[in-house]
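Working notes for the structure below.
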Amino acid sequence: MEERYEPAQVERAAQADWAAAGSFRAREDAGGDKFYCLSMFPYPSGRLHMGHVRNYTIGDVLTRFARMQGRNVLQPMGWDAFGLPAENAAMANGVAPAKWTRDNIAYMKKQLQALGFALDWEREIATCDPSYYKWNQWLFLRMREKGIAYKRTGVVNWDPVDQTVLANEQVIDGRGWRTGALVEKREIPMYYLNITRYADELLRDLDTLGDWPERVRVMQANWIGRSEGVDVAFPFAANTAALMGKPAGDASAVMKVFTTRADTLFGVTFVAIAAEHPIALAAGAKDPSLMAFIDECRRGSVMEADVATMEKKGRRTGLHVTHPFTGEPVEIWVANYVLMGYGEGAVMGVPAHDERDFAFATQQGIAIRTVVKSTTGAYENVVAPWIDAYGEHGVTVNSAEFSGLDSKAAVDAIAAALAAKDLGQKRVQFRLRDWGISRQRYWGCPIPLIHCPKCGEVAVPDSQLPVVLPEHLVPDGSGNPLAKTPSFFECSCPQCDGPARRETDTMDTFVDSSWYYARYACPDNDAAMVDARAKYWLPVDQYIGGIEHAILHLLYSRFWTKVMRDFGLVDYSEPFRSLLTQGMVLNHIYWQQPAEGRRLYFNPNDVDVEESGGVKRYIATRDDGSQLEVQYDGLGTMSKSKNNGVDPQSLVEKYGADTARLFMMFTAPPEQSLEWSDEGVQGSFRFLRRLWTAVHGHVAMNATAGVPPALDRAALTPPQRELRRAVQQTLAKVTDDIGRRRTFNTAIAAVMELLNTLARFDDRSPQGRAVLQEACEVATVCLSPMVPHVAHALWRELGHAGTLMDERWPQVDASALELTQLTLVVQVNGKLRGQIEVAADAGEETIRATALAEPNVQKFVAGATPRKVIIVPRKLVNVVV
RNA sequence: GCGAAAGUGGCGGAACUGGUAGACGCGCUGGAUUUAGGUUCCAGUGGGCAACACCCGUGAGGGUUCGAGUCCCUCCUUUCGCACCA
């Protein structure tokens, strides 16, 4: 055995052994309990980042652990290969997105293999392969037949200079990222998937996902946002009816709003409509200053965070609707915080009982009318001078015949009265909106439709699928290259054979990632989306990925799965049985603002901290060797834009894959964010070297003293029994930490403790070495899911002919854990005052007497009679005086 | 702005069901080895204090309890998401 730990050599040998044995290949017929462990596939950005290393190490630990527990495992890998970065790279370097993407995949695959992940590469998929995205197109057409996929207009960010649609990411402070032009909102036709049809089920089935983090389920539930409320129709007043060309009193001459607080209907003092609302546009056509305001509202991005934090602005229209009960006129306002895309694009304004309405009314001088009072008297400030809205439930006041009801009863009564007048009814509304999947972009899955001047919109026949994306185009930032490529869009109509135009929009990449998990079961099937093999493997038993995907990706995937089920393709309703959301990998952020242009970010590797007189200065060294002082901006997610990433490649080259994996697993529990630390990496490497040295010492001793005999449990000396106890305790803890708690950091800490104990054990007797042999084996096995290469090598050195990953995970010897003496902690009035030793089977009276006899306890009891003595079995005694 | 989570030594974290706060690692201090630096090994390391006694201590403030890092209320800070980044 080598005396020194040489990771490069150890890892090369282990990987060669695994490759030769085909250890990572998954088979359907292997029998046993299947375990499908899936990590979210990467976007092939060029190189792995630390988030990937963390994600895939977690998956690999769980996979290897499950395999050693006798489960038949599948751990596949693929590529989320369509998307915007490939187009950006193309613009920057003039390389076609296809080539850039495939080169990246080849490089990153090598990196993953070097990290020793037990991935079944025979099932590799890339979403940019026609053999994959064909099935996106196929299922899209099935959805279209059922009306789940449909067409309507949607609002996008529009760059008026480049004449192109911008992603939210490409809008910086309301301006286009390349042109700097003020971004506008624009309505364009798009295809939508009717996810709201599944809203109820998506919400309900969250209850079946017991192995998902509570916070993800809560976030999804809030995102879906089921609310019970009332549709209220406000009839047009004469001026509005005239403007809109509808006879007053006509059923269509109403403004519809949705409210969850119909009990506050008598508090309505205005209604607010979106700038794009038909009434706003009609009024604006006759009022230039109003039109200018509408145009102002149209500027800016469509992002909700922007809209919500924007200063609330509004303009009165001079138009009115009438209150459905009092008949009073209520003025219509155009407001920038009302969005056309939500509900009816109009809301009723109740300043007394809604925070936002209150702010708007106060600012605009609109009347405030209290119609709900607190029942507890907790909030009596419901008359002028107004301080705040009262948004809680209570009892109605000032509400004509509906006064004096509690809020819930008032909602019911008002809804019933509205229904009787045909001016409203109860309705369940979801916050969730339908999923717009059209992208005016090149590097994505083509939407398989054809526009024929005669036949209209026609589906591409199944026999002509896939509609293949041409791979040679290089985008230039102005519009969609597909729309400028006649060889792609010129086609003939499948119905009339006349000249027609192919749809040039592509699909949202969330479509690709919504079902890739299923395709791993049968990546080679050209005749069906999924086949019988899917029945064996699916659904996924364990899914692992970043917390940032807690809502969108996971919700879309759940939806897509339910659609596949309804088409009879799969027989389960939820794609991921258990979910582990890993935290982000963080590093320090340093920046400097040049005289002009954007902030420059500096990699923490190039920044030194100088401290003098308690003041820290941060000095960055540039490529050319020059230095400058930079600003420190705290910790943030590793990202290209903040230039604070650490390349896993350098880490693997310097310390080996095992050290990289160990550091990732040891530094933080998987669900928490993880702070990068160079020193921590060195510590992990140091530990592996100590482990190697310890095993080497033991093996060397055996070489001179002979192979240790079998353990004779009955013949152990007390120190030998102590070490065995520590060994079995460690095994029990690690098994529980990996298998149940998934706290790999504490599992590793337990083995570190064992190694510390081991170092103090110096007993060369045959039984001593037998105990030591077991200790070395348990330490090796316990660490093997985290650091498989070094464990593979040590297992051989410990005298085993077989491959460690084919071994069974050992059972804990419970008899070794038994204790005859216990140490109990004694408190007086809850404060720690001493410790006592008692027999493990001591009765309460003995414990009580021993505790009270403890000198320091007596000092604090000071002759007083204990009022109470609380005994927590095997742990603690608390004397209350 | 809205939804969610997290705040514990100089740092990353541990304390799993309300029961010894700080396991394990990093860093630091001292010692041994080394020509030196590095490495390795040993010891120490929350603050106060002469002290192993004792007092204080888990973002801030309040509460429940024999006992609170853990439960409840208010507040502060940070991170994630907000529908076209993936």
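Lettering follows sequence order; numbering is per chain, from 1.
Side-chain atoms of A/Arg740 come within donor-acceptor range of the base of B/C16, with a qualifying N/O pair under 3.5 Å.
Residue contacts for A/Gln827: at a heavy-atom cut-off of 4.0 Å it reaches a base atom on one of the strands shown. Contact annotation for A/Ala550: no contact, since no heavy-atom pair falls under 4.0 Å across all strands. Among the protein residues, A/Phe666 comes within range of the nucleic acid bases, having at least one heavy atom under 4.0 Å from a base atom. Using a 4.0 Å heavy-atom criterion, one finds that A/Phe510 contacts the bases of the nucleic acid, with or without backbone contacts as well. Using a 4.0 Å heavy-atom distance criterion, A/Asn756 is classed as a sugar-phosphate-only contact. Here A/Asn878 lies in heavy-atom contact (under 4.0 Å) with a base. Using a 4.0 Å heavy-atom distance criterion, A/Val165 is classed as a base contact. A/Trp435 comes within 4.0 angstrom of no nucleic acid atom, judged by non-hydrogen atoms across all strands. A/Leu586 comes within 4.0 angstrom of no nucleic acid atom, judged by non-hydrogen atoms across all strands. Nucleic acid contact for A/Val872: base, since at least one base atom lies under 4.0 Å from a heavy atom of the residue. Residue-level contact check: A/Lys733 touches the bases, meaning some heavy atom is under 4.0 Å from a base atom. The residue A/Glu304 sits close to a base: some heavy atom pair falls under 4.0 Å. At the heavy-atom level, A/Phe860 lies under 4.0 Å from the strands shown only through sugar-phosphate atoms. Base engagement by A/Val156 is indicated by at least one non-hydrogen atom pair under 4.0 Å involving a base atom.
Nucleotides B/A86 and B/U70 place their P atoms 42 Å apart, quoted to the nearest Å. B/C24 and B/G31 have their P atoms separated by 24 Å, given to the nearest Å. Using P as the reference atom, B/G44 and B/G22 are 15 Å apart when rounded to the nearest Å. Taking atom P on both nucleotides, B/G69 is separated from B/A21 by 8 Å, rounded to a whole Å. The separation of B/A51 from B/G61, taken at their P atoms, amounts to 28 Å, rounded to a whole angstrom. Nucleotides B/C55 and B/A68 have their P atoms positioned 14 Å apart, rounded to a whole Å.
For the OP1/OP2 pair of B/C54 and a distance below 4.0 Å, the side-chain nitrogens and oxygens of A/Asn856 include at least one atom meeting the criterion. The phosphate of B/A53 (OP1 or OP2) has no side-chain N or O of A/Lys831 nearer than 4.0 angstrom. Contact between the side-chain N/O atoms of A/Ser673 and the OP1/OP2 oxygens of B/U79 is not found at any separation under 4.0 Å. Between A/Thr637 and B/C80 there is a side-chain polar atom (N or O) within less than 4.0 angstrom of OP1 or OP2. Distances shorter than 4.0 Å separate none of the side-chain N or O atoms of A/Gln672 from OP1 or OP2 on B/U78. A close approach under 4.0 Å does occur between a side-chain nitrogen or oxygen of A/Asn745 and OP1 or OP2 of B/A14. Contact check, A/Arg833 against B/C54: a side-chain N or O comes under 4.0 Å of OP1 or OP2.
Counting non-hydrogen atoms of other residues, nucleotides and ligands closer than 6.0 Å to CD of A/Glu3 gives a total of 12 or fewer. Residue A/Arg874 places its CZ atom among 12 or fewer non-hydrogen atoms of other residues, nucleotides or ligands, all under 6.0 Å distant.
Across all strands shown, B/G46 forms a Watson-Crick or G-U wobble pair, both distances under 3.5 Å, with B/C56. Applying the Watson-Crick and G-U wobble criteria (two distances, each under 3.5 Å), B/U33 pairs with nothing in any strand. A 3.5 Å limit on both hydrogen-bonding distances identifies B/U79 as the Watson-Crick or G-U partner of B/A4. Of the nucleotides present, B/G19 is the one that pairs with B/C66 by Watson-Crick or G-U wobble criteria, both distances under 3.5 Å.
No cation-pi contact links A/Arg356 to A/Tyr337, judged by a cut-off of 6.0 Å to the six-membered ring centre and 45° from its axis. In this structure, A/Arg4 fails the cation-pi test against A/Trp692, since its NZ or CZ atom is not both closer than 6.0 Å to the six-membered ring centre and inside 45 degrees of the ring normal. In this structure, A/Arg833 forms a cation-pi arrangement with A/Phe860, its terminal cationic atom sitting closer than 6.0 Å to the ring centre and no more than 45° off the ring axis.
Regarding A/Met584, its CE atom lies at a distance of 15 Å from the C1' atom of B/A6, rounded to whole Å. Atom CD of A/Glu675 is separated from atom P of B/U79 by 12 Å (rounded to the nearest Å).
Judged purely by atom type and a 3.5 angstrom limit, A/Thr509 has no side-chain atom pairing as donor or acceptor with the backbone of A/Phe82. Side chain of A/Asn480 to backbone of A/Thr504: a donor-acceptor contact under 3.5 angstrom is found.
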List the steps and the verdict of side-chain hydrogen bond (donor to acceptor under 3.5 Å, both in side chains) for A/Thr196 and A/Asp434.
-> CA-CA 6 Å; A/Thr196 51; A/Asp434 275 346; 2.7 Å; yes
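Taking the O4'-C1'-N9-C4 or O4'-C1'-N1-C2 dihedral as appropriate, B/G62 has a value more than 90° from 0 and is therefore anti.
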Grab the N/O contacts between the protein and nucleotides 37-41 of chain B below 3.5 Å, and write none if there aren't any.
{"residue": "B/U39", "atom": "O3'", "partner": "A/Arg689", "partner atom": "NH2", "Å": "3.0"}
{"residue": "B/U40", "atom": "OP1", "partner": "A/Arg689", "partner atom": "NH2", "Å": "2.6"}

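Which of B/U20, B/A53, B/C80 sits closest to the side chain of A/Lys859 comes down to B/A53.
By the 4.0 Å N-to-carboxylate-O rule, A/Asp162 lies close enough to A/Arg178 to be salt-bridged with it.
Among the candidates A/Tyr133, A/Tyr132, A/Phe510, A/Tyr556, the single residue satisfying the ring-ring contact (aromatic ring centres under 6.0 Å, His included) test with A/Trp515 is A/Tyr132.
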